[in-house]
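Worksheet: one structure, shown below.
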Amino acid sequence: MPAPKNHFKAALREGRFQLGMWVALGSAYAAEIAAGSGYDWLLIDGEHGPNDVPLIGAQLGALRGSVSHPIVRPPMGEAWLLKQLLDLGAQTFLIPMVETVEQARALVRAVRYPPAGIRGVGAALGRATNFNRIPDYLETADDEICLLLQIESRAGLAALDEIAAVEGVDGIFIGPSDLAADMGYLGRPSAGPVREAISDAFARTHAHGKARGIMTLALDQAHEYRAMGADFMAIGTDVTSLSAALDGLRRDFLGEAPSSNKRGGGY
Ligand SMILES: O=C(O)C(=O)C[C@H](O)[C@@H](O)CO
């Protein structure tokens with residue numbers, strides 16, 4: 001019996017667009033609610049969401065068997081943390097702030113067993129093997145790991161071709177908010193120069209045969225990114241969707257103007 005098949009990785013390889021959603025509420029319950037919406041993937045955010053290893057594990061469990069493939073984003077791409085997340089059963093990773101080919105090569109090695117990599121052997125203790133119930137996990141695990149690297153700075157853009165060419169990197173995700181900030185357009189990911197940089201990054205990524213990823217909270221921007229060639233894209237987050245819905249209900253019932261929801265203090 002082999003390691004679980006990574007259907008998200010297979011879809012990217014077959015050129016099938018994958019629609020996703022950010023999950024940052026830090027709740028297995030909320031993740032399970034999101035899974036019911038039918039997104040192809042859900043990003044469990046450990047970089048900007050309050051998601052530690054145990055909580056990520058609970059969310060992986062909540063998503064087991066759903067149509068939504070879990071992608072885990074650690075705070076940073078550290079081998080010791082990836083080892084824990086791999087044994088926890090995560091098979092697809094989105095690694096933030098990648099800027100060099102050396103980082104990319106080290107990340108590939110971190111998610112692979114020897115001799116191709118440095119992943120420690122201990123999955124018998126974790127969800128990854130269904131708690132030591134997958135006898136040939138060690139031989140089959142590497143092929144089902146999907147490694148997505150975030151390029152979200154000018155330095156990352158400069159190294160993109162080297163990074164995308166690394167065997168074992170499955171996709172490049174452009175972080176529009178951080179890229180905009182680094183380019184001098186803080187809070188303005190839709191600024192012209194940022195959109196041009198994203199379009200160029202997508203073209204170069206595709207030229208290397210790698211998947212193009214991105215996320216946005218604006219549907220008009222989502223359609224533009226899709227037209228640019230996005231292969232996997234998130235179109236919102238659980239956090240912003242919840243706050244907007246709760247604010248809107250109160251405002252609409254009371255007939256208040258949108259600005260009235262910006263209530264200061266109290267948190
Ligand atoms: O730079 C970006 O944009 C991202 O990496 C996505 C954000 O981190 C995500 O939290 C949405 O704001």
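Read the numbers this way: they start at 1 and go in the same order the structure lists the ligands and their atoms.
- Taking a 6.0 Å sphere around NE2 of His208, one finds it holds more than 12 heavy atoms contributed by other residues, nucleotides or ligands.
- In summary, of the residues considered (His69, Glu144, His7), a side-chain hydrogen bond (donor to acceptor under 3.5 Å, both in side chains) with Thr92 occurs for His69 alone.
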When you check ligand 1 against the protein, what N or O pairs turn up below 3.5 Å? List the atom names and distances, or just say none.
unit_1	atom_1	unit_2	atom_2	d
ligand 1	1 (O)	Glu152	OE1	3.2
ligand 1	1 (O)	Gly175	O	3.4
ligand 1	1 (O)	Ser177	N	3.4
ligand 1	1 (O)	Asp178	N	2.9
ligand 1	1 (O)	Asp178	OD2	3.2
ligand 1	3 (O)	Pro176	N	3.4
ligand 1	3 (O)	Ser177	N	2.8
ligand 1	3 (O)	Ser177	OG	3.0
ligand 1	5 (O)	Arg73	NH1	3.1
ligand 1	5 (O)	Gln150	NE2	2.9
ligand 1	5 (O)	Glu152	OE1	3.2
ligand 1	8 (O)	Arg73	NH1	3.4
ligand 1	8 (O)	Arg73	NH2	3.0

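- The two residues Ala79 and Ile118 have their closest heavy-atom pair at CB-CD1, 4.1 Å.
- Note: Trp22 and Phe173 have tilted aromatic rings, judged against thresholds of 30 and 60 degrees for the angle between ring planes.
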Original post:
Would Met76 and Leu81 satisfy side-chain contact (heavy atoms from CB on, under 4.5 Å), going step by step from the backbone distance to the final call?
Top reply: CA-CA 9 Å; Met76 288 300 283; Leu81 178 54; over 6 Å; no
For residues 32-42, which side-chain N or O atoms pair as donor and acceptor with protein atoms under 3.5 Å away, sequence neighbours left out?
unit_1	atom_1	unit_2	atom_2	d
Asp40	OD2	Leu19	N	2.7
Trp41	NE1	Gln18	O	3.0

